[in-house]
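Below is one structure, written out as C-alpha cells; the observations come after it.
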2 protein chains.
Amino acid sequence: MCDPGSVQSRTPKLTAKGRATRERIVAGAAAEFRARGVVATTLDDICRATATSKSQLFHYFPDGREQLLHAVAQHEADRVLLDQEPFLSDLTSWAAWDAWRDAVVARYREQGTSCPLGVLTTSLTRSTPASQEVTARLLEQWQRKITDGIVAMREQGAIAADVEPEQTGAALLAGIQGGVSILMQTGRLTHLEAALDVGIAALRG
Amino acid sequence: MCDPGSVQSRTPKLTAKGRATRERIVAGAAAEFRARGVVATTLDDICRATATSKSQLFHYFPDGREQLLHAVAQHEADRVLLDQEPFLSDLTSWAAWDAWRDAVVARYREQGTSCPLGVLTTSLTRSTPASQEVTARLLEQWQRKITDGIVAMREQGAIAADVEPEQTGAALLAGIQGGVSILMQTGRLTHLEAALDVGIAALRG
DNA sequence: CGCCTTCTGGACCCCCTGGTCCATTCGGGC
DNA sequence: GCCCGAATGGACCAGGGGGTCCAGAAGGCG
C-alpha cells in the first residue's frame, strides 16, 4: 500500500538503522504537522522533534521538503483507513455498520482537531501535486469499501434494490469528509455524527 | 454582514479613493489566493496583481499579512452565501430546493477547483484564529438557512414530522462541504452532486 | 582486523519574504 | 490658491527558512 520509492527519487540503500531513522522522521513530521500545521512547521522543527540533523533529513529525502511532504502524506493516508479497521472492510450486517459508525466517531472524538485526514485535505494536498494524488487515491479506496458494503447488504436484501451503491456511497463519503472538515473548523463533532447517522438511516430506508 | 473595522485594528480614515483601493486589494488578493493558493502567494504577488505598492498594502492593513488574510476571509465568506441567493433564503417549495441544488452545482462546476469556500476551509482558516472564526460563522449562517427551509417545508406537511431539522440540516451541510472538499482534491463534481441529491431525496422521504 | 559504505553532526550560505521608512504626489475643504 | 491629511512609490532592512558541505563516527562484511 505504501509503495515506497516509486514516486520519490531513488534514495541510497538503507540499512536497518537507516530505515528506522527514516521512519522516525516521517512519523515525527506527521505528528508535528498535525499539531502545528504544515505551513507553520519548519524543517528545523522536525529535526528538533525527531532528534535528527538536517543532513540526515536530506540524506533520506534528497529532494527536500517536498519529498518529505509526500512521504508523510502517504503515511497519513494509510493511517486513515487503518483506523477504521476491521469494521470498514466488513460492512455486511447492520451491526457492522453501527460498529463502524461508532469507531469513526470515537476516533475523531479522541483526536479532535489534530487528525491525519484533516492535515491531508487542508494543507498537504495543496503543497504538491504528488500529495494530491495520494489523497485522491485514499478517497477512491475509501469509497470503494463503503460501496462494497452497500452492495453486500443489497444482495442480502437488507437494502432496497433501488439504492444506487455508487451514488449513495459517494454521498456518505462526502458527508464524512465534510463532517471532519467542519470538526476541524469549529471543534464540534455534531456534523460528522449527523452525516453518518442520516446517511446510514437513508440506507436502512 | 461585513462588519469592517471591528476586529481589525483601526485603519486611518478612508476617502472614496482609499476605499476603492482597499477593496481592489482585497478582491485581488482573494483572486490570487484562489488561483495559486494562500501559502504560495506572497505580498509582492498581491502588489503586482493589484497594481499597488507595499506601502499601500501596509497603509490599509497596518497589521500586515494577517489582517489582510482576515479581510479576504470575510470577503470570501460573504461571497459563498451570496452565490446561492436568492434560492438559499427561500427554500419553501420543492421547486426552490431543486433550483438551489442546481445553482450550487452550476456555481461549483464553473469555478472548479478555484473556489472561495475551498480557500477558506483549506488554507485561510488555518492561518489565523480570526479567520477560523469567520469560517465558523459562515457555516453557522449557512446551516441556519438550510434548517429554516426544512422547518418551512415541515410546517407545510411536505416533509415528515419525524425529520429533525437540525440534524438533517447538519448532515446536508456536511455533505456539501465534503463534496466541495473532494472537488478540490480530485476535480470531480460527482460527490457534491451525490450529496445534494441523496440529501434532498432523504428529505422528500 | 580492515575497508568501504552508510549514517550523523553541525557549521555555513543565500535568497525570499514580511515589514519599515521617508519622500513625494494627490485631493478636498476653505 | 493654500494647506494638511490621505495616498502612493520604491528603496531598504533583518530574519528565517530551505538547502549544501565536509568531516568524522558507526557498522556490516570479507
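Residue numbering restarts at 1 for every chain, and letters A, B, ... go by the order of the sequence lines. Computed from a predicted model, the values in this text were never measured in an experiment.
- Look at Arg109(B) and Glu193(B) and you find a salt bridge, because one of the NZ, NE, NH1 or NH2 atoms lies within 4.0 Å of a carboxylate O, short of that distance.
- If you take CZ of Arg36(A) and P of dG17(D), they are 12 Å apart, rounded to a whole angstrom.
- Counting to the nearest Å, the P atom of dG10(C) and the CG atom of Leu57(A) are 15 Å from each other.
- Salt-bridge formation is detected for the pair Arg144(A)/Asp148(A): a Lys NZ or Arg NE/NH1/NH2 atom is positioned less than 4.0 Å from an Asp or Glu carboxylate oxygen.
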Could you write out each protein N or O paired with an N or O of nucleotides 17-21 of chain C at a distance under 3.5 Å?
residue	atom	partner	partner atom	Å
dG18(C)	OP1	Arg65(B)	NE	3.2
dG18(C)	OP2	Thr42(B)	OG1	3.0
dG18(C)	OP2	Leu43(B)	N	2.9
dG19(C)	OP2	Arg65(B)	N	2.9
dG19(C)	N7	Lys54(B)	NZ	3.4
dG19(C)	O6	Lys54(B)	NZ	3.0

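- In this structure, Leu14(A) places its CG atom 16 Å from P of dG27(D), rounding to the nearest Å.
- Contact between the side-chain N/O atoms of Lys17(A) and the OP1/OP2 oxygens of dT6(C) is not found at any separation under 4.0 Å.
- Atom NE2 in His59(A) sits roughly 16 Å away from atom P in dC21(D) (whole-Å rounding).
- From Gln74(A), atom CD reaches atom CZ of Arg137(A) across 5.5 Å, with rounding to the nearest 0.5 Å.
- Protein atom CZ of Arg19(B) is 13 Å distant from nucleotide atom P of dT8(D), rounded to whole Å.
- Close to dT8(C), at under 4.0 Å from its OP1 or OP2, lies a side-chain N or O of Tyr60(A).
- Checked for salt-bridge contact, Arg48(A) and Glu32(A) miss the test: no charged N lies under 4.0 Å from a carboxylate O.
- Among the atoms of the strands shown, only primed sugar atoms or phosphate atoms (P, OP1, OP2) are found under 4.0 Å from some heavy atom of Thr15(A).
- Dashed line: the shortest gap from a side-chain N or O of Gln56(A) to OP1 or OP2 of dC7(C) is not under 4.0 Å.
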If you look only at distance, which donor and acceptor atoms sit under 3.5 Å apart when one is on a side chain in residues 163-180 of chain A and the other is two or more places apart or in another chain?
residue	atom	partner	partner atom	Å
Glu166(A)	OE1	Gln143(A)	NE2	3.4
Thr168(A)	OG1	Glu164(A)	O	2.4
Gln177(A)	NE2	Ser181(B)	OG	3.0

Donor-acceptor pairs under 3.5 angstrom involving side-chain atoms of residues 90-99 of chain A: please list them, not counting sequence neighbours.
residue	atom	partner	partner atom	Å
Asp90(A)	OD1	Thr92(A)	OG1	3.3
Ser93(A)	OG	Ala96(A)	N	3.1
Trp97(A)	NE1	Leu91(A)	O	3.2
Asp98(A)	OD2	Arg204(A)	NH2	3.2

